[in-house]
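Each ligand, and each atom within it, is numbered from 1 in the order the structure gives. Starting from 1, each residue takes its place in the sequence as its number.
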Amino acid sequence: LYQIFMQHRRGRTELSFLESLYNYLKIAKTFFVLACPGADYDRIFAVCDRFHVPVVVDAAEAMGARYGRKGGVHAGKGAKAAVFSFNGNKIMTSSGGGMPASDDKALIDRARFLSQQARDPVPHYEHTEIGFNYRMSNVLAGIGRGQLAVLDERVQRRRQIFAYYRHALEGVPGIDFMPEAAYGRANRWLSVILILKGVSPW
Ligand SMILES: Cc1ncc(COP(=O)(O)O)c(C=O)c1O
């Protein structure tokens, strides 16, 4: 497992980073990318496609974020799979757990099978593969569905909070806010401030 820190500086994925990926992609089986403001998926997908490497997006923080101009698509769409977190600290929660998403039905069926103890599809209890007990309970799913209904309001509110901080701290030397890429809409789950070394008083 190779871990590479890439920069989505000033709201753009660095081209030099994508180029530097080539050596890894020649031998990679899967490319995991973190969904965060500025991640330029079209470019990332295009480079990975060239090497036939499937992309899995860690979209844990990205519920409600969108990618693409004119409203775009949900963050993670277009990847082989995306995984969302419904942990208590996220923009919407089911108190815990999460959700894989994919356009590949076979992949989702396989994930569902493994998450439900890999029980064979027969009337009796038989397990010929090793599975996991990762299923979300129906009670938690009900909470999650209730939260999903107010997701847009949550995003709006988080964006207002971000705008408030930016406005209030405008002009303070040594701090910088993560800009929004022209090709997406951040959910501003977290208001991130960069404190510049040597310039800020802190
Ligand atoms: C980027 C990222 N990946 C993964 C996780 C883990 O998700 P979970 O807490 O649902 O396991 C989190 C946060 O919790 C996260 O922010």
Donor-acceptor pair, Q117 side chain versus N133 backbone, under 3.5 Å?
no
Counting N and O atoms only, with roles assigned by atom type, does the side chain of W189 sit under 3.5 Å from a partner on the main chain of V155, one being a donor and the other an acceptor?
no
Distance in Å, D49 CG paired with D42 CG, rounded so as to fall on 0.5 Å steps
10.5 Å
Taking non-hydrogen atoms within less than 4.0 Å of ligand 1, which protein residues qualify?
L34, D58, A60, E61, S85, N87, K90, G97
Ring center gap for F31 and Y24 short of 6.0 angstrom
no
Are E129 and R110 close enough for a salt bridge, meaning some N to O gap below 4.0 Å?
yes
Donor on one side chain, acceptor on other, Y67 and D40, under 3.5 Å:
yes
